[in-house]
Amino acid sequence: MTKQLIRPYGDRKDDGVIQLSFTLPVSASEKAKEAAAVFCKKMGLTDVKVAAVERASEDYTFFIVYARSPVVLDYAELDVPEITIKKLGYQDLNALIEKKVGRRIVVLGACTGTDTHTVGIDAILNMKGFAGDYGLERYPWFEAYNLGSQVPNAELIRKAKEKNADAILVSQVVTQRDVHKDNSRQFIEEARKQGVHGKMTLLLGGPRVDHRLAIDLGFDAGFGPGTKPSSVANFIVHQVLQRLGKEEKGAHFEGEPT
Amino acid sequence: MTKQLIRPYGDRKDDGVIQLSFTLPVSASEKAKEAAAVFCKKMGLTDVKVAAVERASEDYTFFIVYARSPVVLDYAELDVPEITIKKLGYQDLNALIEKKVGRRIVVLGACTGTDTHTVGIDAILNMKGFAGDYGLERYPWFEAYNLGSQVPNAELIRKAKEKNADAILVSQVVTQRDVHKDNSRQFIEEARKQGVHGKMTLLLGGPRVDHRLAIDLGFDAGFGPGTKPSSVANFIVHQVLQRLGKEEKGAHFEGEPT
Amino acid sequence: MSGLFVSDEQVARARQLARDITNPIFELIAKNTTVSVERTVLRWFGVDGTGSMGAPLVNLMVDRLKDAGVMNKGAAYWYGRALKMGAKSPLEAVELLTAAPLASLGPLAPDEEERLRADVRSEARHAMAELKARVAKRNALKTKVPMSPAPHKYVIVATGNIHDDVDQARAAAEAGADVIAVIRSTAQSLLDYVPQGATTEGFGGTYATQENFRIMREALDVVSEKLGRYVELTNYSSGLCMPEIAFMAAWERLDMLLNDAMYGILFRDINMRRTFIDQYFSRRICATAGLIINTGEDNYITTADAYDAAHTVIASQFINECFAHRAGLEDWQLGIGHSYEIDPHRDETLLLELSQAMLVRRCFPNAPLKYMPPTKHKETDIFFSHAYDVMADLVAIWTKQGIQLLGMMTEAMHTPLLADRYVALKAASYVHRAARGLDEELTVREDGKIARRAREVFGKATELLEECTSDGMIAAIGRGRFGDVKRAETGGKGLDGVVEKAPDYFNPFLELMEAKA
Amino acid sequence: MSGLFVSDEQVARARQLARDITNPIFELIAKNTTVSVERTVLRWFGVDGTGSMGAPLVNLMVDRLKDAGVMNKGAAYWYGRALKMGAKSPLEAVELLTAAPLASLGPLAPDEEERLRADVRSEARHAMAELKARVAKRNALKTKVPMSPAPHKYVIVATGNIHDDVDQARAAAEAGADVIAVIRSTAQSLLDYVPQGATTEGFGGTYATQENFRIMREALDVVSEKLGRYVELTNYSSGLCMPEIAFMAAWERLDMLLNDAMYGILFRDINMRRTFIDQYFSRRICATAGLIINTGEDNYITTADAYDAAHTVIASQFINECFAHRAGLEDWQLGIGHSYEIDPHRDETLLLELSQAMLVRRCFPNAPLKYMPPTKHKETDIFFSHAYDVMADLVAIWTKQGIQLLGMMTEAMHTPLLADRYVALKAASYVHRAARGLDEELTVREDGKIARRAREVFGKATELLEECTSDGMIAAIGRGRFGDVKRAETGGKGLDGVVEKAPDYFNPFLELMEAKA
Ligand code: B12
Ligand code: B12
Ligand SMILES: Cc1ncc(COP(=O)(O)O)c(C=O)c1O
Ligand SMILES: Cc1ncc(COP(=O)(O)O)c(C=O)c1O
């Protein structure tokens, strides 16, 4: 594989120029400026220009720096798993469910824990949908329940078992101190305890969620900012087909097909 | 000396949080985002959050990142030379020149080379001055000549010899590709050739100039953004007194006294 | 000068509708009390601290009263009984009562009952006097070091740790902040008690505790003196403990309080009745202590679309205002909430935002108003988000907002870093300085898009108010008219904390506060 | 609607004053020619390339004519003589002339002289036709893929390397730029020749060469087609080679040109006479080729204080307009320059900037206008600088500027990085989208601060124009009335390049261009 070495582009190819800003707990002065420069040099940066030394307060100084980074990257070397499969439109997907699954797919969703940010999960589940893309409630071949926000993990899973759901959708928006990760872990534990893990498709979503994170936490998939309901719908359908053995494992859907 | 370890302050003491932005020559995609993350990790950053992946154009992607830097700095350890001496006001300084020098101090200034940015040197020399601080022309005990811009180094030095000046003030504003450094070096060579180096006080100034740089280039001092004419006036007077042996060497003026 | 858009009659009509809408709710309020109202009464008498299990004493005591089915007489009454039984201190009172077989304790002789109430009333008067004295202290400092002109720049601190909060609040004040808001940990509004003491762990915010209030106000007093400019402090009372937090805020000399008649219902799924009753008592306290309240209509357009739901904001503001006036709050105390939230990808959003902000001004000419920045459509591109906030800064000064919450360029990512606040304050100071007086220079054409949009929004708001009058507030909320959120009268948290008052229900503080109204 | 501020009579009077001021200068222009005018004539005939020492052939040839003291007859005449001597190509013509003992070459017989002129004239007509054809090609593309609505977002590329410039220009166009300006290397305007070929080294900019023009315009043609939106290209002609660069720009189908009657004098210390004569011929070319010119009044308030010197901008604009009209330029071609440069630390700067921008609009209702961003008071705090630019974006759309140079958040540091342009374009697009139509919504009060300031500035401008009429332009410049810069009539660079025309001076291009006027 031929290398594709890349560096940041500021004013010219490969000049490596980057912009930084940070605050140091010292009061603004020539010495503070020097500290900012030393800080950047210790990060391996060169041509460090401490552009701004802003007196954020008596005890804090805000710096803006332009500098060059020596880091070179081989873009060819990176591989980001992006196994995408043809995404079906609203009509076709419903047709597919009717034909291959033969029954409505049941999904439950909620914003769990103490998180009250329902806009995200609503965007996925409610009729209205998101960015002109219908929500799951709108799909005749989906049976979608939106439990809203502040739903305890245990309760969500219990309800899912009652309705024997195909998938559970968990939304986590508040991420301070990684509370979303803790809460998600707790959800997975609970899912294991109640024996739905591995049986139902478990999806995690939120502004700081990505597929990798969700997998690591024990979910089947993760969806981040700008997710379209149709993407989620497609993913779920293929998961169901796989569980029914009507589609080979592994081929999973991620993001828009390119 | 007791250590004073500092780290960037984002949300909490020593969390090390910094903000970065840079452009990579790749088109926006999940892979591009990963590249940005890897780039930051290679710089030694942790908790890398690639916040924004902006399609700057088909071939370039602009990234905004928040991450933690492990770098810790001992602030106590830094020493930035700041030997300051009491700065005299307009009246007192004139009085001092009258008393101790006994003649008007002659200075010439210009924006040299192809640089036409006169506003800076004007701020130092012209009557009007800068930020309410009188320019050198205004001082009765200074004889100041402002040759304007685009003045060749050789010509400036020749004129200075004619007037047998005490100091030459060089302004350099355009800094692209370090043209200001090249031009300044060329000035110092010329000064050596014409034998004024070490005799006259040679000052360099401009937005990207600082004392350290000027010294390295062979000037007696450097003045950066926001310099007040009075600071320059004070510095020159003490230089003259030193050359006249009326003041011990070494005590040099830099910036406002703290 | 921003336009009139609608006639005084039309505005008066909207006010009348709001009054009609709130009438039935005030009957509900008059008939009932809640655990948090009663806990507030006890706190006011000085019942403080936590019990063996760490639960606040006021909770232990009120739960006891409730379980014994005697809370309907009012905690003040039982407090009086305890004193009669010889309690020497609030603490002893609690011990006595938690020990006593309340249910079986019959009434005293009529004259004794009378004396009991008289004694308790006089103690209440003293407690009230002490509160007033604390408020006077705040006002004295405010006159000594006056605030800078409006819009008052309001920034949020939310580290989760009160000591870091102080650090950041101080920095913000030095950078030009006029109001510091400490936002609460995500879960707090669902707690049916107020945590105790200084706290150092919270998510998305810091717990609202009386001690945290004290620590922060103390720090800001020092900063205010140092800067020669009074810096206000605010916190959030919405939730299951509205009245208690209002009391703590008043006692600790806070200057403002987020206090909305419906936020808890819509955005925290707290029971309607509970919220309506609690908000009344908490607002009575705000009125008495001269606290400025902030309402939360801005939240509606984070769940509903800001363009489509613009009228729900106006309708709700009239209702919130009415609830406030009927709790004794004066216009200068009404930080009526609205915001700059229209999707920036639409055309002519500045015209639309000006229209909305001017309409709010026109409807509430004497209220300070509380203007919120863009949040929902903020991007992780901090440079764009910063530019977006600058336009909100412009609308704020142009339409003479009293209180402006400054947008943060990192809104779409995390609670503000120290530097984010600095950047926002510097930009807002510039925009305010640059655009001050703009309104006097310009006349908005009554036949233009701004005016037409304002009339359209006001018209729809009036229709919604009419719907609420005819079908009732509860039905309207049931239909998701506000913020697209549907709630049922008996749903949500905290309904079990509502108790119908007995005929001889006793609450001397309420008496005092309603008397002066 | 922005205000009228002053009466039509007052504006007409200012125009008349400008005409009186320029009269004596047009006498000077009529009497003299310059080396760069004559070089332009030769270029137009197709003389291209460089000599052995790398100097452009046109320079070698014109210097030769000048040294021989025969340039006063016009390079066209000598070009004709060369053809008569049997030159088969422009190149041969140069060789012949540089060889011939010009001084001693007497005139031909009258009828021969006549025929020579006739032949040269017809060649000139063909050359003119070819230029027109190229211009037509540009206009065709412009109609095929029309531009987006004004303000046209103008950004600068300045890497010093034309190939990097192309890269960045393409990126800028994709990010929304409507106009690409390639700024020149710092020294170029002082060169009395135009460098040749594609260049890859420059300081603070890239050399303006015909090849660089071609490369960039070609790249932008591709981008325009791709985006279905025409992207304009501009460069800078001020300096010692104004007419030549204007010709190259016209030939290479540029759309705009920075072209000011006085910039060279004030900001490059180029001799007055030289500049006045050069600007006339260069503007004739712009008029013929349908190039939009940009004047440089914005520069005045980088050296002088923007508040104090506001009137000098207006006065100069009337003068620049008059010079332009008298060179055959029409209103739609006048990108009259002004800028948002008032110190942001002052109060009410938005009012002041609006006042100034509206006044310029009012004085030049049919000109596109070229609005410049804040530069001098930009801070190295990129977040502040970005906010500062956003306010300029607002004024630009509000006051309907035709061309808006976008401010860069790193203005105080370096020439724009690729990302800086992206950030500026994204913000400007948002502000333009948000505020479009604002002007129609508002009426500026004629008795307000904005109007009063506008009248004050206009009044002072008229006084300055009166001073220039009575004492003459040259005296006024000598007093440093414009941009606080003092220049003397015989000072500065390039005076030696000015030569008085002989009675039989011959310049067929000038004839053609003046004829159609
Ligand atoms: C709207 C909003 C609110 C509203 C919420 C109303 C509601 N019922 O949802 C209100 C005003 C009530 C609110 C309150 C608070 N908020 Co809030 N809020 C926001 C805001 C402005 C927008 C969030 C939003 O709606 N985005 C739009 C949706 C569509 O995007 P999304 O959530 O990312 O969802 C998309 C994808 O992520 C994905 N997705 C999301 N979930 C799921 C789930 C599945 C299964 C799938 C497949 C996909 C998926 O699909 C969606 C569509 O593409 C953000 C700031 C911002 N601009 O992001 C702050 C923000 C999220 N809030 C924040 C905070 C701190 C709070 C408070 C705790 C503050 C306080 N103490 O008062 C409170 C309490 C909240 C609580 N207890 O949880 C912080 C969180 C900080 C952090 N990173 O931890 C933010 C980031 C603001 C900030 N910078 O401080 N908030
Ligand atoms: C005003 C200005 C101009 C004016 C200059 C008018 C004039 N006669 O001065 C005009 C419009 C003509 C101009 C033209 C150009 N400019 Co210019 N200009 C600026 C601008 C906006 C402000 C500079 C200024 O006046 N600052 C105010 C003064 C007071 O500050 P100062 O110079 O730093 O001076 C202070 C201190 O540095 C110190 N000091 C300075 N000199 C000295 C000397 C001594 C001895 C001492 C003691 C102290 C001292 O004291 C002063 C007072 O505190 C800057 C951007 C910016 N905001 O900085 C660009 C800028 C400097 N220009 C720039 C460029 C590229 C140009 C051009 C080359 C562009 C072009 N190709 O057309 C041209 C040509 C200039 C040339 N050939 O040199 C770039 C330089 C990039 C770089 N780092 O190399 C800048 C940074 C803009 C940008 N971001 O691209 N410019
Ligand atoms: C009126 C009001 N109360 C309270 C809050 C915060 O509530 P909580 O602390 O429950 O997140 C908000 C949120 O902005 C609000 O607008
Ligand atoms: C009218 C005009 N011409 C030319 C220039 C640039 O001139 P130079 O290339 O000499 O720096 C400017 C600078 O902005 C200008 O305004």
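Lettering follows sequence order; numbering is per chain, from 1.
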When heavy-atom pairs shorter than 4.5 Å are enumerated against chain B, which of [options] gives the highest number?
| options | value |
| --- | --- |
| D:Gly202, D:Gly204, D:Ala173, D:Ser189 | D:Gly204 |
| D:Gly205, D:Gly176, D:Ala187, D:Ser185 | D:Ala187 |
| D:Asp269, D:Leu417, D:Asp167, D:Leu425 | D:Asp167 |
| D:Lys376, D:His414, D:Lys226 | D:Lys226 |

Given that the side chain runs from C-beta out, which part of [X] has a heavy atom under 4.5 Å from chain B: side chain, backbone, both or neither?
| X | answer |
| --- | --- |
| D:Val485 | neither |
| D:Arg421 | neither |
| D:Ala172 | neither |
| D:Lys486 | neither |

Between [atom1] on residue [X] and [atom2] on residue [Y], distance to nearest 0.5 Å:
| X | Y | atom1 | atom2 | result |
| --- | --- | --- | --- | --- |
| D:Asp420 | B:Thr23 | CG | OG1 | 8.5 Å |
| B:Arg208 | D:Thr380 | CZ | OG1 | 7.0 Å |
| B:Thr114 | D:Gln188 | OG1 | CD | 11.5 Å |

Contact summary for [X] and [Y], nearest pair of heavy atoms:
| X | Y | answer |
| --- | --- | --- |
| D:Ala175 | B:Ala56 | CB-O, 3.7 Å |
| B:Gln176 | D:Phe203 | OE1-C, 3.3 Å |
| B:Val119 | D:Thr302 | CG2-O, 3.6 Å |

Does the side chain of B:Tyr60 come within less than 4.5 Å of D:Leu418's, by heavy atoms?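 A side-chain contact exists here, since the closest heavy-atom pair is under 4.5 Å.
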Are the side chain of B:Gln150 and the backbone of D:Leu190 linked by a donor-acceptor contact shorter than 3.5 Å?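 No, because the side chain of B:Gln150 does not come within donor-acceptor range (under 3.5 Å) of the backbone of D:Leu190.
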Does the side-chain contact (heavy atoms from CB on, under 4.5 Å) test come out yes or no for B:Arg55 and D:Glu174, once each step is laid out? CA-CA 10 Å; B:Arg55 188 185 178 289; D:Glu174 287 179 14; 4.3 Å; yes
Tell me whether the count of non-hydrogen atoms from other residues, nucleotides or ligands lying under 6.0 Å of OH in B:Tyr75 goes above 12.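 Enclosed.
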